[in-house]
There are 2 protein chains.
Amino acid sequence: MKLTTKVRYSLRFMIDLALHVEGATVLARDISRRQEISEKYIGHFVPLLKSAGLIRASRGARGGFSLARPASEITLKDIVEAVEGPMCLVGCVNDPGICKRAGTCQARDVWGEATRAIADIFSRYNLEKMAEEQRSRHTDYVYAI
Amino acid sequence: MKLTTKVRYSLRFMIDLALHVEGATVLARDISRRQEISEKYIGHFVPLLKSAGLIRASRGARGGFSLARPASEITLKDIVEAVEGPMCLVGCVNDPGICKRAGTCQARDVWGEATRAIADIFSRYNLEKMAEEQRSRHTDYVYAI
DNA sequence: ACATTCACTACTCATTTAGTAGAGAATATA
DNA sequence: TATATTCTCTACTAAATGAGTAGTGAATGT
């Protein structure tokens, strides 16, 4: 039941981006500094967020990242699936062929239902609200003091 | 978001046990055969189910396993936590000390809420119902035919 | 042309997962 | 009490995954 570092960082990246993108783009370097995530490591998961259509990237001077659609239309589920692939508690749920018991196994049904319930929970969190709540902490989302 | 083999097998073990324990005890060997899980591997997770107070074990002739309380009072959450420890999507939720940003991080709040929501879902599944639904498949929960 | 910025591949190291193997401890029963 | 039976514990192994660094390459605004 543990999420990977990539997913954790991706959420922080997205919240930070949503908070600082206002008309302009945001540099990986700046998010790296604020979030204390190495630029190199950011380079690993950010292309996944881009391929999933959550952010846009541009290179060169004045380059950087921006959201590909309104923050209100980006959910936690989108972010998790962008980085880890389709949500699924056990392999046989999405891919019955890997276990010959799939057709008769009640446990598989349970995991399937639970997976859908969790996906539903994750899809109820949207980036706009998460960023707003981060802002309301009045910390600028930078560790300091 | 993937569960371990131990948890998957533990659920199948518990469902099988609930289906076959009727007055008597059930042997690991029999569950091993029906579920196609090696006896050796069963020996790895079953002591965890026992320490968590979900099953009872006795050794020697007429030994075997039984439920430590009514199936209706054993939940999926009990089983998952018995084998993997307290449910928790990211470490900082249960253990804020591991990250200095814990106090101001909205992402942490999100993971905390989501963890509680998932735990709630898991606690709604009880073993009695899962076993009943397995039985109603009329397969005796053995791969065969 | 060039500095800037993201993108991609390769590599490393530690940890976790998924087992097997074998000896040891408990116990009902003859 | 001897013994077959059954669970329990520790050690070990191999493969996969996780977490990250490093270096090069490709795009782009000025």
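Letters go in sequence order (proteins before strands), and every chain restarts at 1. Being a predicted model, the structure only gives us computed values, none of them experimental.
Taking atom CD of residue A/E39 and atom P of nucleotide D/dG23, one finds them 15 Å apart after rounding to whole Å. In this entry the distance linking OH of B/Y41 with P of D/dC9 reads 17 Å, nearest Å. Taking atom CZ on B/R62 and atom C1' on D/dT3, their separation rounds to 16 Å, with Å as the unit. What separates NZ of B/K50 from C1' of D/dC7 is a distance of 8 Å, to the nearest Å. In this structure, B/H44 places its NE2 atom 12 Å from C1' of D/dT13, rounding to the nearest Å. To the nearest angstrom, C1' of D/dC7 lies 11 Å from CZ of B/F13. The CZ atom of B/R29 sits 16 Å away from the C1' atom of D/dT8 (whole-angstrom rounding). For A/K6 and D/dG18, the NZ to C1' distance is 8 Å, given to the nearest whole Å.
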Next on the checklist: Pair A/E84, B/K2 - check salt bridge (charged side-chain N to carboxylate O under 4.0 Å, His left out), show working.
Outcome noted: CA-CA 10 Å; A/E84 301 212 315; B/K2 280 281 186 303; over 6 Å; no
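Across the interface with DNA chain C, nearest-nucleotide mapping of A/G64 and B/T5 shows A/G64 to be the residue nearer the 5′ end. Nearest-nucleotide positions on DNA chain D place B/G43 closer to the 5' end than the other of A/G63 and B/G43.
Between the side chains of A/R29 and A/S32, no donor-acceptor pair of N or O atoms lies under 3.5 Å.
For the atom pair SG of A/C88 and CZ of A/R116, the computed distance is 10.5 Å after rounding to the nearest 0.5 Å.
Of all the heavy atoms in B/F122 and A/L89, the pair that sits closest is CZ-CD1, 4.0 Å. Counting all heavy atoms, side chain and backbone alike, A/I15 lies closest to A/A131 at CG2-CA, 4.2 Å.
Taking hydrophobic clusters as Ile, Leu, Val, Met, Phe, Trp and Tyr residues chained together by side-chain heavy-atom distances below 4.5 Å, A/I42 shares a cluster with A/L48.
Set against D/dT21, D/dG25, D/dC9, the side chain of A/K40 has D/dT21 as its closest nucleotide.
Taking a 6.0 Å sphere around CZ of B/R62, one finds it holds 12 or fewer heavy atoms contributed by other residues, nucleotides or ligands.
Chain B approaches DNA chain C over the interval C/dT17 to C/dT29, counting the first and last nucleotide 5' to 3' with an atom under 4.0 Å from its heavy atoms.
Side-chain N/O atoms of A/T4 include none lying less than 4.0 angstrom from OP1 or OP2 on D/dG18.
At the heavy-atom level, B/Y9 lies under 4.0 Å from the strands shown only through sugar-phosphate atoms.
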